[in-house]
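What follows is a set of notes on a single structure, which appears directly below.
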Amino acid sequence: MNIKRWVALGIAALLVGVSIIVNSVSAALSTDWTSWLEDYESTMLETMGSTVIESGDVSERIAVLRVEGVIQDTGAASSLFATEGYNHSFFLQQLEEAKNDESVKGIVLAVDSPGGGVVESAEIYKDLMKIKDETDKPIYVSMGGMAASGGYYIAAPADKIFVMKETMTGSIGVILQSVNYGDLAEKYGVEFVTIKTGPYKDILSPSRDMLPEEEEMLQDMINDSYEEFVRIIAEGRGMSEEEVRKVADGRILNGRQAIEANLADDYGFEEDVIAAMKEDLDIPGAEVFEYSQEQSLSSLFGVKAQSFLGLDIETQVISKLITDNQAPRMMYLYGEQ
C-alpha cells in the first residue's frame, strides 16, 4: 500500500471520528435539559427543610420568609450558571407551606429588594392575601436597606410594617424601558430588515423611533398597573387613594418619611419585629425559623464551576446574559439593576 493510500485512509478515519463526535454533541444538545432540570428542581422543592433562628416551642412557631434581590422569575434557564439570589418558585412554595402548617402562628416577611416584575409581585401579593383570607396568621414586614417599588407592593397587605431609619422605600409606580440604537446603527452602516404582520408588531423596537400612538398605547397599559398598585396600598394601609397618590409619584422615601406618610408603622430591625410578633401573639417561647432548600444538582454544578475554574465574575456575566429578558417588561422596580 503506497503513501497516498495511507494518507487517504488516515483522512477517512479522521472524518469518521469527527462525525461521531459531532453526532454525540448534537444528541446532547437536542436533549431537553431545561425540562429535566425543571423536574429535578421540582423534586428538590418537595423536600424543603428549615433552619432554626431561635430555639423554642415547636408547636408555636414564627416563620421568617426572605425576599432578597430583584423579584424576578428567571426559570430554569439560569440553573447551571446562576449565583445565589432570589428564587421565585421556592418563595411561592414557602408561602404555601407557611399557610398550611398549623404550627406556624405568624409570618415575618423580611424584604430587602428594589422590586421587580409586575407579574411576580402580583403572584406574591395574591398568595399573601390567601394567607390573610384563609388563616388568622398575622404578617409583619421587616424592611431592610431597601424595600422599594415591588418590594413595597408585596409589603402593603401586611398587618404591620417596620422600617429602619436608613431604609429606602417608596418608588411607587411602574416603569417600562427600552434602548433605541437606530441612529448609532445607521452611523456605522448597519441596516435592520423587519418583516411584520401589523404596524405595531415591532413596538419598542430598538432600531426605530417610537410612534406617538405607540407611546399612548403603552402609557395606557402601565397606567392600569399603576392604578392597581395604588389600590393595593390604599386597601392594605387603610388609606384613601388620594392620600396614596400624594407619594405615589415614583419618589424614594427613607424610614422616617415612610412612617410620616403612613406607609410604615414603626422602626425596628428584624429581631425587633420578631420580638413584637411574639409579644402581640403572647408566644414568648416560640421557635423562630426560616425555610431552607437542599442544594440542587444545578446549584452544585454552578458552585463547582466557580470554585474549580475560578470564574466568579465570568459566571455572573454569563448568568446575566442568559437570564435577562431582552424584551421590554413592565416592572415595579427602583433603579437600574
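Keep in mind that this is a model prediction, so the values were computed, not measured. When a residue number appears, it is its place in the shown sequence, counting from 1.
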Can you see which heavy atom on G173 is nearest to which on S149, and at what distance?
O-OG, 3.6 Å
Below 4.5 Å, heavy atoms only, C-beta onward: do K126 and L128 meet side chain to side chain?
no
Checking side-chain contact (heavy atoms from CB on, under 4.5 Å) for the pair Y291/Q94: CA distance, chi angles, key distance, verdict?
CA-CA 7 Å; Y291 293 106; Q94 291 179 65; 3.7 Å; yes
Donor-acceptor pairs are to be reported for all side-chain atoms of residues 216-224 against protein atoms at under 3.5 Å, with residues two or more places apart or in another chain.
{"residue": "Q219", "atom": "NE2", "partner": "N223", "partner atom": "OD1", "Å": "2.9"}
{"residue": "N223", "atom": "ND2", "partner": "Q219", "partner atom": "O", "Å": "3.2"}

With sequence neighbours excluded, what pairs up with S50 under the side chain to side chain donor-acceptor pair (under 3.5 Å) test?
none
Between V111 and G151, the two heavy atoms sitting closest are CG1-O, 3.7 Å
Look only at the side chain of N254 and the backbone of Q257, and say whether a donor-acceptor pair between them is shorter than 3.5 Å.
yes
Can you measure from CG (L109) to OG (S142) and round to the nearest 0.5 angstrom?
9.0 Å
Closest approach of G117 and Y332, non-hydrogen atoms and distance?
O-CD1, 4.3 Å
Check whether Y152 and Y267 end up in the same hydrophobic cluster, where Ile, Leu, Val, Met, Phe, Trp and Tyr are linked by side-chain heavy atoms less than 4.5 Å apart.
yes
Quick one: which residue pairs count as a salt bridge (charged side-chain N to carboxylate O under 4.0 Å, His left out) with a foot in residues 150-171, not counting sequence neighbours?
K132-D159, K160-D280
Testing the basics here: between E241 and A234, what is the closest heavy-atom pair and its distance to 0.1 Å?
CG-CB, 4.0 Å
Count I, L, V, M, F, W, Y as connected when their side-chain heavy atoms are under 4.5 Å apart, and connections chain through other members. Are L253 and I259 then in the same cluster?
yes
Decide yes or no on side-chain contact (heavy atoms from CB on, under 4.5 Å) for E96 and K130, but give the supporting numbers first.
CA-CA 9 Å; E96 183 69 16; K130 283 175 64 178; 4.1 Å; yes
Kindly work out whether a path of hydrophobic side-chain contacts (I/L/V/M/F/W/Y, heavy atoms less than 4.5 Å apart) joins V179 to L176.
no
Partner set under ring pair (Phe, Tyr, Trp, His ring centres under 6.0 Å) for Y125, not counting sequence neighbours:
Y153
Side-chain heavy atoms nearer than 4.5 Å, only ILVMFWY residues, links allowed to pass through others: does that put M331 and V119 together?
no
Measure across L211 and Y200 and return the closest heavy-atom pair with its distance rounded to 0.1 Å.
CD1-CE2, 4.4 Å
Among residues at least two apart in sequence or on other chains, which ones pass side chain to side chain donor-acceptor pair (under 3.5 Å) with K201?
none
Euclidean distance, L184 CG relative to S207 OG, rounded to 0.5 Å
12.5 Å
Show me the pairs that pass salt bridge (charged side-chain N to carboxylate O under 4.0 Å, His left out) and involve residues 133-149, at least two apart or across chains.
K99-E134
Under a 4.5 Å cut-off applied to non-hydrogen side-chain atoms, are I161 and L263 in contact?
no
Linking Ile, Leu, Val, Met, Phe, Trp and Tyr by side-chain heavy atoms under 4.5 Å, what else ends up with V288?
I53, I62, V64, V108, Y140, F162, V273, I274, M277, L281, I283
Should we say atom CD of E279 is surrounded by more than 12 heavy atoms from elsewhere, each under 6.0 Å from it?
no
Starting from the C-alpha separation in whole Å, work towards a yes-or-no answer on side-chain contact (heavy atoms from CB on, under 4.5 Å) for Y334 and M168.
CA-CA 10 Å; Y334 167 69; M168 293 180 66; 3.8 Å; yes
Sidechain N-carboxylate O distance under 4.0 Å for K246, E243:
no
Taking side chain to side chain donor-acceptor pair (under 3.5 Å) as the definition, give me every residue that meets it alongside E227, ordered by chain and number, with sequence neighbours left out.
R245
Measuring from N100:CG to I131:CD1, what's the distance to the nearest 0.5 Å?
9.0 Å
Would you tell me whether T169 and T167 have side-chain atoms, one donor and one acceptor, within less than 3.5 Å of each other?
no
Look up atom OG in S178 and atom CE in M210, then write down how far apart they are to the nearest 0.5 Å.
5.5 Å
Does E186, at its CD atom, have more than 12 non-hydrogen atoms belonging to other residues, nucleotides or ligands within less than 6.0 Å?
no
Got a second to check how far D202's CG is from F192's CZ, nearest 0.5 Å?
11.5 Å
Residues joined to M164 in its hydrophobic cluster, side chain to side chain under 4.5 Å directly or through other members, sorted by chain and number, are F269
With the side chain counted from C-beta on, respond yes when F289 and V104 share a heavy-atom pair under 4.5 Å apart, and no when they do not.
yes
All heavy atoms of F91 vs all of I124, minimum pair found to be CE2-CG2, 3.8 Å
The criterion is side chain to side chain donor-acceptor pair (under 3.5 Å); which residues satisfy it with E287, sequence neighbours excluded?
R61
Side-chain heavy atoms of R208 within contact of N180, under 4.5 Å
no
Flag if over 12 foreign heavy atoms under 6.0 Å of CD, E215:
no
Point-to-point distance, once rounded to the nearest 0.5 Å, from CG of D57 to NZ of K105:
9.0 Å
The complete set of salt bridge (charged side-chain N to carboxylate O under 4.0 Å, His left out) pairs with one or both residues in residues 259-270, sequence neighbours excluded, reads R66-E270, R237-D265, R256-E260
Side chain to side chain donor-acceptor pair (under 3.5 Å) contacts in which one or both residues fall within residues 107-123, not counting sequence neighbours:
H88-E123, E120-R329
